[in-house]
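Below you'll find the structure, written out as structure tokens, and then a few comments.
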2 protein chains.
Amino acid sequence: MGAEAASGEAWGDVTPDAARRLVIAAVEAFAERGYHATTTRDIAGRAGMSPAALYIHYKTKEELLYQISKVGHERSLAMLAEARDTEGTPAERLAAAVRAFVRWHAEYHTTGRIVQYELGALGPEHYREIVALRRQSEDAIRSIIKDGVTAGEFDVPEIPGTTLAVLSLCIDVARWFNPAGRRTPDEVGTLYADLVLRMVRQAD
Amino acid sequence: MGAEAASGEAWGDVTPDAARRLVIAAVEAFAERGYHATTTRDIAGRAGMSPAALYIHYKTKEELLYQISKVGHERSLAMLAEARDTEGTPAERLAAAVRAFVRWHAEYHTTGRIVQYELGALGPEHYREIVALRRQSEDAIRSIIKDGVTAGEFDVPEIPGTTLAVLSLCIDVARWFNPAGRRTPDEVGTLYADLVLRMVRQAD
């Protein structure tokens with residue numbers, strides 16, 4: 001978990017440095033004890049900063065959760081939109097989307113869990129903004145599936161329900177993934193892309 | 001959530017009455033604020049009891065979590081084992097297992113979330129016991145998939161990975177299911193059974 005949270009790659013967009021340290025500390029604290037049991041004092045302490053120094057960057061604990069959630073959701077949307085917009089058959093694009101989305105949820109499973117499980121703790125405005133990002137991610141997957149159905153390449157029971165199942169399968173990787181387990185993020189991505197393509201293929 | 005937690009059906013096995021009321025109060029409190037932010041005093045208060053009265057039934061907050069987790073996991077295992085042991089083709093049995101498991105995670109999504117997300121808060125001995133129940137649930141699904149592969153009815157990339165994906169898909173229903181949404185637990189169960197059968201079918 002430390003390795004994940006400390007990874008510069010995950011939080012590189014958060015500046016300045018002190019704000020990034022606070023985000024990393026918040027991810028660790030929320031993951032360990034849950035959002036509600038964590039105080040801004042805990043977070044500041046983990047980051048080696050005073051509560052007053054935290055307050056310069058984040059007025060509330062909720063702002064930290066929002067920052068974490070926003071970065072996570074924007075990252076997810078960017079990779080799904082890229083897969084949607086790339087060249088290739090619907091099957092190739094769906095496989096690319098699943099591989100990328102699964103890899104992210106495996107590599108950043110600690111962040112993924114917070115982002116997914118603490119949605120209800122966001123303030124109303126932040127919640128609406130995050131839900132809009134989630135809808136766009138859903139739209140990206142739905143549009144690839146729809147393209148496959150239109151092209152006669154996919155056969156699915158219903159497009160919205162299949163979209164929901166594909167996203168859910170990928171997201172839940174954050175819950176069960178264990179870096180000490182026998183599968184790497186890449187291997188899970190490849191397995192899941194295969195399983196999802198089986199789900200949507202024509203029975204011919 | 002109140003409707004779910006108060007349902008006699010879910011906690012009918014927990015006796016006496018006072019212990020059941022405490023379990024229901026704990027489910028509500030853990031769901032609202034997380035395990036770590038909840039105190040036994042909160043739980044007793046919700047159940048309309050004193051902390052001393054709670055202590056008669058549960059010595060610690062962890063004992064309440066264990067009780068909730070045990071009932072949830074035993075229920076899950078019972079329905080998966082029933083599907084495994086029933087008459088029928090592997091496809092029929094796999095569909096029955098998915099339908100039952102999904103329905104449970106939709107109907108009892110609040111309990112399902114606690115059971116799934118707070119595993120790490122169990123004491124070492126209780127954790128081992130719950131993990132053993134989870135392994136048995138996994139074995140039940142794996143054995144149905146294996147039967148289908150052996151019979152030449154199913155074709156899967158690999159049995160353990162497919163088992164993991166099927167369980168994960170069903171469990172994640174607890175995260176996203178919304179009783180005010182457009183799908184009933186039964187409808188999700190039917191959709192998911194269809195999607196899982198597509199995942200394992202022969203390409204012929």
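At a 4.5 Å heavy-atom cutoff, B:Y35 makes no contact with chain A through either its backbone or its side chain. Within the 4.5 angstrom heavy-atom criterion, atoms from both the backbone and the side chain of A:R33 approach chain B. Heavy atoms of B:R175 lying under 4.5 Å from chain A belong exclusively to its side chain.
Ranked by heavy-atom pairs under 4.5 Å with chain B, the first of A:T38, A:L167, A:I171 is A:I171. For the set B:G120, B:S168, B:C170, the count of heavy-atom pairs under 4.5 angstrom toward chain A peaks at B:S168. Chosen from B:L164, B:L197, B:D194, the residue pairing most often with chain A at heavy-atom distances under 4.5 Å is B:L164. In terms of heavy-atom pairs under 4.5 angstrom with chain A, the leader among B:L195, B:L119, B:L191 is B:L195. Here A:E158 is the residue among A:E118, A:Q116, A:E158, A:R113 with the most heavy-atom pairs under 4.5 Å with chain B. Counting heavy-atom pairs closer than 4.5 Å to chain A, the top-ranked of the candidates B:V196, B:L169, B:V188 is B:L169. In terms of heavy-atom pairs under 4.5 Å with chain B, the best-connected choice from A:A165, A:G161, A:P157 is A:P157.
Ring geometry for A:H109 against A:F177 counts as tilted: the plane angle lies between 30° and 60°, on a 0 to 90° scale. A:Y117 and B:Y117 have parallel rings, their planes meeting at less than 30° on a 0 to 90° scale where 60° marks the start of perpendicular. Between A:H105 and A:F101, the ring planes are perpendicular. Angles over 60° get that label, and only those under 30° would be called parallel.
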Where do B:T150 and B:D147 land on the side-chain hydrogen bond (donor to acceptor under 3.5 Å, both in side chains) test, with the steps shown first?
CA-CA 5 Å; B:T150 306; B:D147 287 349; 5.4 Å; no
Apply the test side-chain contact (heavy atoms from CB on, under 4.5 Å) to residues B:E153 and B:Q202: give CA-CA distance (whole Å), side-chain angles for both, the deciding distance (0.1 Å), then the verdict.
CA-CA 7 Å; B:E153 202 186 316; B:Q202 289 279 1; over 6 Å; no
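The environment of B:E82 atom CD is sparse: at most 12 non-hydrogen atoms of other residues, nucleotides or ligands sit within 6.0 angstrom.
Between B:D186 and B:R99, none of the side-chain N atoms (NZ, or NE/NH1/NH2) sits under 4.0 Å from a carboxylate O, so this pair counts as no salt bridge.
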